[in-house]
2 protein chains.
Amino acid sequence: MTAPDQQGSHPPDYDPRAFPPFAVTVDLAVFTLRADRLHVLLIRRGQTPYQGDWALPGGFVRPRESAGGAARRELAEETGLSEATAAHLHLEQLATYSEPDRDPRMRVVSVAYTALGPGLPEPRGGGDAADARWLPYGTQGPLAFDHDAILADAHRRIGAKLEYTCLATAFCPPVFTLGELRGVYEAVWGVELDRPNFRRKVLSTPGFVQAVDGPPKLTGGRGKPAALYRAGGATALHPPLLRP
Amino acid sequence: MTAPDQQGSHPPDYDPRAFPPFAVTVDLAVFTLRADRLHVLLIRRGQTPYQGDWALPGGFVRPRESAGGAARRELAEETGLSEATAAHLHLEQLATYSEPDRDPRMRVVSVAYTALGPGLPEPRGGGDAADARWLPYGTQGPLAFDHDAILADAHRRIGAKLEYTCLATAFCPPVFTLGELRGVYEAVWGVELDRPNFRRKVLSTPGFVQAVDGPPKLTGGRGKPAALYRAGGATALHPPLLRP
DNA sequence: TCCTTAAGAGTCACCCTGACTATAAATGCC
DNA sequence: GGCATTTATAGTCAGGGTGACTCTTAAGGA
């Protein structure tokens with residue numbers, strides 16, 4: 001369906017021409033890894049309602065724009081990254097939230113998106129609102145509106161997608177070590193993984209990662225230097241890498 | 001986000017008070033099993049545009065209704081089932097489709113839902129539009145609007161969820177045989193599964209199915225009578241039942 | 001030099017799975 | 001009543017994937 005027909009099954013009290021007007025927005029659950037911890041991008045509200053509370057970044061969908069387009073635009077604005085850089089971030093539709101009273105001011109339907117990226121810089125570049133900041137996931141207090149539910153859904157979704165897709169590489173820079181990749185799983189799942197087993201699994205999955213040829217190694221601070229890899233072409237993970 | 005603040009990062013040409021009005025609808029991809037084949041519920045459009053074409057059932061979200069509520073209401077109306085019966089069908093949000101020109105008449109954002117049920121009766125009960133019918137999945141021609149994409153997404157989603165959830169029981173009546181359950185997988189995936197292996201997998205997964213106690217057996221037409229089961233309490237499938 | 005840390009190689013047992021065989025219990029056709 | 005057909009159910013067996021573990025290598029720091 002899009003616009004239903006004039007005739008049809010609608011109750012007599014309902015005139016499709018006078019379709020109820022909705023505002024449509026996008027909300028962004030942007031995740032990144034900073035210092036081996038999962039962080040979320042939050043903004044502090046400068047207006048009532050929920051003034052002073054933290055909330056997910058987002059904004060209106062414009063008249064000639066798709067929700068995905070709006071999400072990508074807001075992502076660039078709110079993270080302060082260049083449009084070109086932001087265009088490389090993994091962006092994925094999560095779900096749509098439409099409870100009638102989720103915004104006390106008016107009827108707003110919001111399409112939520114999840115975005116992932118490697119260690120992103122502090123926000124603020126976009127010249128954005130009062131306060132925007134990366135907070136370690138789990139340390140944020142109650143968020144405005146239904147954003148707690150959205151954020152929890154987003155976290156659940158990426159945790160699940162790590163199991164059966166190659167999504168983890170979206171958290172990594174173009175070239176990374178297997179230790180960094182493992183750090184993604186550990187940060188999102190909140191567990192420790194066995195190093196050798198993780199390595200075996202990743203390397204035995206065709207197309208998950210791809211060894212970087214010439215420059216042999218590099219150090220991550222301490223320990224033996226690690227080989228470098230880039231994301232392979234694969235998108236699915238068969239068989240999956242199940243959570244312990 | 002819901003309604004963004006008045007101040008903030010929005011470009012100067014954009015006044016949040018004059019938020020762009022959208023129509024919000026729901027579209028339903030309703031699947032059922034009829035004669036061991038996967039069927040989809042489609043309606044024939046009686047109006048331009050796409051007059052005479054098949055389309056997914058759906059309709060407007062009402063002013064004080066959530067999208068999920070609208071989907072459940074439309075589901076009852078379009079399938080012709082009682083509200084009580086329709087309330088038992090598995091209903092799940094799929095995704096939101098928002099390309100600006102997906103409906104040539106006006107700006108419509110549609111939240112798509114997937115619904116599943118055991119062999120459902122012929123539609124029409126709802127006193128609905130011109131023509132509503134179950135069509136074997138795959139035999140439908142091009143659908144109106146972007147409904148081909150929605151339907152394909154829905155089919156991909158349920159195929160994937162069969163792998164790592166107990167969703168298959170949603171296609172079955174309250175009491176069913178393992179043969180019927182296997183038929184769900186075969187119809188959705190379009191493959192044949194090994195009977196003994198499927199049985200072993202299902203029975204060894206705690207909470208997937210639950211043997212029906214007293215009444216021992218029953219026949220499905222030919223062959224040895226099969227034991228009866230009902231859905232267990234489990235929702236996830238660990239480890240998953242992967243597609244061949 | 002020794003300790004710590006992390007990468008990377010390798011082993012072993014167990015579980016799950018795919019492939020396959022065999023038996024039981026119903027129907028329908030000679 | 002035989003007999004083929006169909007489906008359910010039981011059981012076997014080999015191979016792959018995984019968890020748990022050990023060991024070696026290569027860096028940095030005290």
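Note on naming: letters A, B, ... go to the chains in the order of the sequence lines (proteins, then strands), and numbering restarts at 1 for each one.
- Remark: P of C:dC16 and NE2 of A:His238 are 19 Å apart, rounded to the nearest angstrom.
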Decide yes or no on salt bridge (Lys or Arg N to Asp or Glu O under 4.0 Å) for B:Arg102 and B:Asp146, but give the supporting numbers first.
CA-CA 6 Å; B:Arg102 58 184 295 280; B:Asp146 51 2; 2.7 Å; yes
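- Identified under the salt bridge (Lys or Arg N to Asp or Glu O under 4.0 Å) test for residues 229-241 of chain A, with sequence neighbours left out: none.
- Nearest to the side-chain atoms of B:Arg195 among the listed nucleotides D:dT9, C:dA25, C:dG8 stands D:dT9.
- In this structure, B:Phe198 atom CZ and C:dA19 atom P are separated by 16 Å, rounded to whole Å.
- The separation between B:Tyr229 atom OH and D:dA8 atom P is 11 Å, rounded to whole Å.
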Walk me through whether B:Ser110 and B:Val26 qualify under side chain to side chain contact (heavy atoms under 4.5 Å, CB included).
CA-CA 5 Å; B:Ser110 186; B:Val26 293; 5.5 Å; no
Reading nucleotides 15-24 of chain D from the 5' end, what letters show protein touch, with B for base, S for backbone sugar-phosphate only, - for no heavy atom under 4.0 Å?
--SBBBBB--
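- Residue B:Glu163 contributes atom CD, which lies 14 Å from atom C1' of C:dT17 at whole-angstrom precision.
- Spacing between atom CG of A:Leu181 and atom C1' of C:dA7 amounts to 14 Å, rounded to whole angstrom units.
- Put simply, A:Arg182 has a side-chain N or O that comes within less than 4.0 Å of OP1 or OP2 on C:dA7.
- Distance alone, capped at 3.5 Å, is enough to place a donor-acceptor pair between the A:Tyr185 side chain and the A:Leu162 backbone.
- Proximity of A:Arg199 to the phosphate of C:dA9: a side-chain N or O atom is located under 4.0 Å from OP1 or OP2.
- In summary, the aromatic rings of A:His155 and A:Tyr137 are positioned with their centroids under 6.0 Å apart.
- Aromatic ring centroids of A:Tyr164 and B:Tyr164 lie under 6.0 Å apart.
- Rounded to whole Å, atom P of C:dG18 lies 9 Å from atom CG of B:Leu193.
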